[in-house]
Every structure is written in C-alpha cells, then in structure tokens.
Number of protein chains: 2
Amino acid sequence: MDVDPFSFAVAADLVVLTIRERVLHVLLVERGIEPAVGMWALPGGFVLPEEDAEATAYRELAEETGVTAGVHLEQVRTYSAPDRDPRGRVVTVAWLALAPDLGEPSAGSDARSARWWPVSDVESGALSLAFDHVAIFGDALERARAKLEYSALATAFCPPEFTIAQLRAVYEAVWGVPVDPRNFHRKITGTPGFVEPTGEVVRDGGRPAQLFRRGPVSQLQPPFTRPEH
Amino acid sequence: MDVDPFSFAVAADLVVLTIRERVLHVLLVERGIEPAVGMWALPGGFVLPEEDAEATAYRELAEETGVTAGVHLEQVRTYSAPDRDPRGRVVTVAWLALAPDLGEPSAGSDARSARWWPVSDVESGALSLAFDHVAIFGDALERARAKLEYSALATAFCPPEFTIAQLRAVYEAVWGVPVDPRNFHRKITGTPGFVEPTGEVVRDGGRPAQLFRRGPVSQLQPPFTRPEH
DNA sequence: ACAATAGTGTCTATGAGACATTATACG
DNA sequence: CGTATAATGTCTCATAGACACTATTGT
C-alpha cells in the first residue's frame, strides 16, 4: 500500500445570488477564524461524516439566511488544487443558490459578519475574496447567466407569485442589459408551461399587472438568448 | 473541535466516449480488486496527495488508453453520497472525455480487462455497472449530447483532419438520430470559425470531400439543436 | 386630461428544415 | 454510361427583434 487515500477534507461553498432593488447581489461572509481572518469569502463549511455535499450546502444556507424552502440549489463544479487551502487538502464542491430577496443575512459561528454585496463589486475586483473564491464566484455567476437563456431558472429569483415585469427585472439584473418589455411579455406568455396566471392582479400606478406562478416547464424551447453573446 | 474533517478519499472517475464504426462507445473496465470484483465500472482512481482531480483524470486516461493528447476532458459533477462506496467516505469527481477512435484499451493494474462498450448496452440496462456508475454515466452522456448543440465539441471525436461527413457521423452517433447532410453542410460551413478547410481532399468512391480542421470558435451561435428535444 | 405601466399587433430579417439540383469522383 | 458521395440552391415556415399602438389604472 502506498499512501492512505483517506486524508482529504471535503467542503461545500455557496454562491448565493439574489436581487435587491433591481441589482444582483451575492452573499458573502467576513471570516472570523483562521485562515484569512477578516477577508470576505463565500459561505460554506466542511461536509460532515454522515452528510453528502448537498446536505452540507443546505445546512450552510439555512445557517446564513434562515431559509432553504423556495431556494434553487444546484452544483457547479469541484475545486481541488493541492494548495488552494493552507490547512491542507481541502476539496470543495461549489453550489449555486438562487433566492428571492431574503432580507439581511446572519453571520454563522465562524464568521464576523455577513452581508449582500453587489456582484459588480466582486466582478470588478474592487472587493477581493479569500482562497480561490473569486474563480468559484465567476464560474457560478456565468452558470446562472447562461441558464437563464435555456431554462425557467429566473423564477427562482421571484416570490411564489410575480408579475411579468418582475420576471423581466430578473433578466435585466442578472444579465446587466435592458430587455424589451413587449417582446419579453410575448416570449414568456407564449411559452406554454413557463408561467401560469393566478387570476390575481396587482396595482402599482399604472395598468394593473397579472400575477403568475412558475409553471411545470423547466427547459425553454426555443431559448431566450441574451444580446451579443 | 468535533470531528477531524480530513477523513475523506477523493477519486476521479472517467466517462470516456468514442465513436467506433458509427456507434458511440464508452470505455469500461472489469474490476480486478475488491469491492465489486468482476463487475464493469468506469475507469478511475484516487487523487494522490500532490495532484488535483484533473491530473488524476489525465493519469487514469493515459493508463487505460495510452494517450492524453488530442482528448477533450471536462468536469461533469461530483458524487458524495455517504454510502456510495463500501470502503468508506469516497467522494468522486466525474470527468467526461471525448476522443477519436483510439483502438483497444489496456487494463490498468487493478482491472481484469478493459474494453469499449456501445453506450446503448449501458443505457438499456443490459449491462449494469458497479457503485453509482450508471448515474455518473448517464449525467456525462447527457452533458455530451447537450454540448454538441451549442459548442464545437463534436470535433473532439474526430482526428485532426476530417470531412464534413465524418463530423456529421459524430452528431448522428451521439444523438442517435439521422441528420440531413445538405442542411448540416450549410450550417457547419456557414458558421465562421467552427471548421477551417485544409485545402486537401479525400477520395472514397464519390465526389472527393474537402478536409477540415477545427477552427478557433468553441461556442456555436446560433446552436444546432437536435430534433424534438 | 395626463402620466405611467400592462399588454397586443405589425413588420422585417434571419435561420431551420424539407428537398431539388449540380459537381466530381469510380466502375 | 450509371452510381455514389459532395456541395450548392430554393422554397416555406417560425421566430427574434424593432417599434407602433391600445388598455387600464392613479393623480
């Protein structure tokens, strides 16, 4: 026998995205323990002996935000560079979580604080992250942007009932580009199963808007592509 | 401190696909050591202390096929169910590899034999796999099928120089559906940067076909969608 | 009335898909 | 010559994108 292979730690790190005041935000925690104390990082933690990585992701999500219901969670990819964590061989499974606006987060036990940051602050490099978390963040963000095109994922950013305009605001916030309201409305309502009308309307200083909930369809065929991609 | 988190093994498992005689095949090994001796499984192995998971995948690929150059390798996802391996907590990172027809594989040290199997034998359930390898295989196969639509991945199944008909055979083998030769030709040659003509031709009992090599473009815009998806 | 937002209609350019036609080899 | 495969052309229908227009509220 060469070497004991059972000497790795496995972690789950989360890229939690939400939309606050029409701007895409990511949840970050200020680290309260070594290593990288005081730096901002993705929320996450070690996989426990009886857990799979998805359970770890849900647990960490609940610790930081207080909720798991109604949140979309999907695996992005795994990062395993030998030197990515100074504590030793820590392999991390990255998860993308999309949530409706959740309010202020609560810092976990090993964090000094937690807050929502505009993704542009991280993308621009104005805010640097611990470990390889910038790369993880970038991969997850691109996944979210790409998936809006061919899936019904955008509804994951909305409350259970929403208007077409709210859904359009999701696309505009995630892609960072304006979307034509008329064509968007035709596209969405013309895709059977994407959204279903509730019959209710909501009033807000103009013609009342129909309320919808997400429909059974998860794949958009044909896709709704972002401009100049 | 609760529990030592450094008690996991991390493995890399490979779904290696190739096309042999117009049929999509997957590389499988017959296990020669416990557990699951005698069962067919995906090739793979443990990540070593100084490696990242990608290096492990390349190493295993070289051991089984003898080559790594010219092979497309990409991460699929990670499987971490606590009971997925009877030896203990083994988390595996799955990789998708696409290769031109490579000839017969060689069994690694812990394998009794290795061979190419038609993917239909695994998909149909006629051949069952060890551990959770059927699920891994299914996820990787679907990834390959989906990526043909919006990327230039199909060229990874071809030798450095190929004809449009060869490339079309890739789509037909992976998707399992016929593709119209005329529309395919127009679509491929009409997408700038997908393939580049070498100027050479190849003769095979009809009008000679132009040879092409892959171009710099990796994303297909607009995509080439499979029928009735 | 006017402003504001929701929702519909119309036009055009582009691409997919079906399929005819031409081009260039071999026997 | 016929047969086989490569490559191009033509037609139709569906959809994206641009944008005019109508509908229904609040002030």
Side-chain angles (χ1 to χ4, degrees), chain A residues 21-22 148-151 154 158 161-172 175 177-213 217 219-229, chain B residues 22 148-152 154 158 161-172 175 177-213 217 219-229:
Chain A
E21 282 147 19
R22 310 183 78 85
L148 283 205
E149 296 194 19
Y150 60 90
S151 80
C158 296
E161 305 201 340
F162 51 87
T163 66
I164 301 293
Q166 277 180 276
L167 191 63
R168 179 165 50 85
V170 169
Y171 280 86
E172 294 186 327
W175 287 347
V177 296
V179 173
D180 185 279
R182 289 83 53 94
N183 293 334
F184 184 80
H185 193 282
R186 253 193 312 108
K187 173 73 183 178
I188 299 303
T189 56
T191 301
F194 188 177
V195 295
E196 293 172 340
T198 65
E200 309 271 312
V201 295
V202 66
R203 259 160 271 266
D204 184 35
R207 174 174 171 176
Q210 296 266 120
L211 276 175
F212 295 83
R213 56 178 146 259
V217 167
Q219 298 290 310
L220 253 57
Q221 190 60 16
F224 180 61
T225 49
R226 46 187 151 163
E228 60 125 2
H229 174 35
Chain B
R22 308 184 81 84
L148 283 204
E149 296 193 18
Y150 60 89
S151 80
C158 296
E161 304 200 341
F162 52 87
T163 66
I164 301 293
Q166 276 180 276
L167 190 63
R168 180 165 50 83
V170 169
Y171 279 86
E172 294 185 328
W175 287 346
V177 296
V179 173
D180 185 279
R182 289 80 54 93
N183 293 335
F184 184 79
H185 194 281
R186 253 194 313 108
K187 173 73 184 179
I188 299 303
T189 56
T191 302
F194 188 176
V195 295
E196 292 172 340
T198 66
E200 309 271 314
V201 295
V202 66
R203 259 159 270 265
D204 184 32
R207 174 174 170 177
Q210 296 266 119
L211 276 175
F212 294 83
R213 56 178 146 257
V217 166
Q219 298 290 309
L220 252 57
Q221 189 61 17
F224 180 60
T225 51
R226 44 187 153 163
E228 60 124 3
H229 173 37

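Below, read A as the first sequence line, B as the second, and so on, with proteins coming before strands; counting in each chain starts at 1.
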K.L.:
Please work out if P222(A) contacts a base, only the sugar-phosphate, or nothing of the nucleic acid, heavy-atom cut-off 4.0 Å.
P.N.:
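The answer is sugar-phosphate, as P222(A) gets under 4.0 Å only of primed atoms, P, OP1 or OP2.
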
K.L.:
Which heavy atom in V201(B) sits nearest to a heavy atom in P208(B), and how many Å separate them?
P.N.:
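Smallest interatomic distance, heavy atoms only, reads CB-CB, 4.1 Å.
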
K.L.:
Specify the closest pair of heavy atoms between P197(B) and Q210(B), including all atoms of both residues, with the distance to one decimal.
P.N.:
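Closest pair (atom of P197(B), atom of Q210(B), distance): CB-NE2, 4.1 Å.
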
K.L.:
Given that T189(A) and G205(B) both sit by DNA chain C, which one's nearest nucleotide is further toward the 5' end?
P.N.:
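Whichever sits nearer the 5' end wins; that is T189(A).
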
K.L.:
Go nucleotide by nucleotide along DNA chain D from the 5' end; which of D180(A) and P208(A) gets its closest nucleotide reached first?
P.N.:
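Upstream on the strand: D180(A).
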
K.L.:
Tell me the interatomic distance from R226(A), atom CZ, to dG17(D), atom P, rounded to whole angstroms.
P.N.:
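Spelled out: CZ on R226(A) to P on dG17(D) is 13 Å.
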
K.L.:
Among the candidates dA18(D), dA7(D), dA6(C), find the nucleotide nearest to the side-chain atoms of R186(A).
P.N.:
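Taking heavy atoms from C-beta onward, the closest nucleotide is dA18(D).
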
K.L.:
Among dT24(C), dA7(D), dC26(C), which nucleotide sits nearest the side chain of R203(B)?
P.N.:
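Comparing dT24(C), dA7(D), dC26(C) against the side chain of R203(B), the answer is dC26(C).
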
K.L.:
Rounding to a whole Å, what distance do you find between D204(B):CG and dG27(C):C1'?
P.N.:
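So the two atoms are 14 Å apart, to the nearest Å.
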
K.L.:
Check whether any side-chain nitrogen or oxygen of K187(A) sits under 4.0 Å from OP1 or OP2 of dA16(D), and answer yes or no.
P.N.:
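K187(A) to dA16(D) OP1/OP2: side-chain N or O found under 4.0 Å.
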
K.L.:
I need the CZ-P distance between R168(A) and dT5(C), as an integer number of Å.
P.N.:
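The answer, rounded to whole Å, is 10 Å.
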
K.L.:
Would you kindly give the CZ-to-C1' distance between F184(B) and dC19(C), to the nearest whole Å?
P.N.:
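Rounding to the nearest Å, CZ of F184(B) and C1' of dC19(C) are 18 Å apart.
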
K.L.:
Expressed in angstrom and rounded to an integer, what is the separation of F194(B) atom CZ from dG15(C) atom P?
P.N.:
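Spelled out: CZ on F194(B) to P on dG15(C) is 16 Å.
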
K.L.:
Pick the nucleotide of DNA chain C nearest each of F224(B) and G206(B); which residue has the one closer to the 5' end?
P.N.:
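Here F224(B) is the residue nearer the 5' end.
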
K.L.:
Determine whether F212(A) and Q166(A) make a side-chain contact, defined as any pair of heavy atoms from C-beta on separated by less than 4.5 Å.
P.N.:
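No, their side chains stay 4.5 Å or more apart.
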
K.L.:
Measure the distance from CD1 on I188(A) to P on dT15(D) and round it to the nearest whole Å.
P.N.:
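Result: 14 Å.
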
K.L.:
Do R182(B) side-chain and dA20(C) base share a donor-acceptor contact under 3.5 Å?
P.N.:
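Indeed there is one.
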
K.L.:
Atom CZ of R207(A) to atom C1' of dC2(C): distance rounded to whole Å?
P.N.:
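Spelled out: CZ on R207(A) to C1' on dC2(C) is 18 Å.
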
K.L.:
Find out whether F224(B) and Y171(B) are in side-chain contact, i.e. whether some heavy atom of one side chain is under 4.5 Å from a heavy atom of the other.
P.N.:
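They are in side-chain contact.
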
K.L.:
Map P223(A) and T163(B) onto DNA chain D by nearest heavy atom, then report which one ends up closer to the 5' terminus.
P.N.:
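So the residue in question is T163(B).
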
K.L.:
Does H185(B) put a side-chain nitrogen or oxygen below 4.0 Å from OP1 or OP2 of dT8(D)?
P.N.:
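Yes, such a contact exists.
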
K.L.:
In this structure, how many angstroms lie between the P atom of dG7(C) and the CG atom of N183(A), rounded?
P.N.:
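For the pair N183(A) CG and dG7(C) P, the rounded distance is 15 Å.
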
K.L.:
Within the supplied structure, the quantity of interest is the number of heavy atoms (other residues, nucleotides, ligands) at a distance under 6.0 Å from N183(B) CG; does it exceed 12?
P.N.:
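Enclosed: over 12 neighbouring heavy atoms sit under 6.0 Å from CG of N183(B).
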
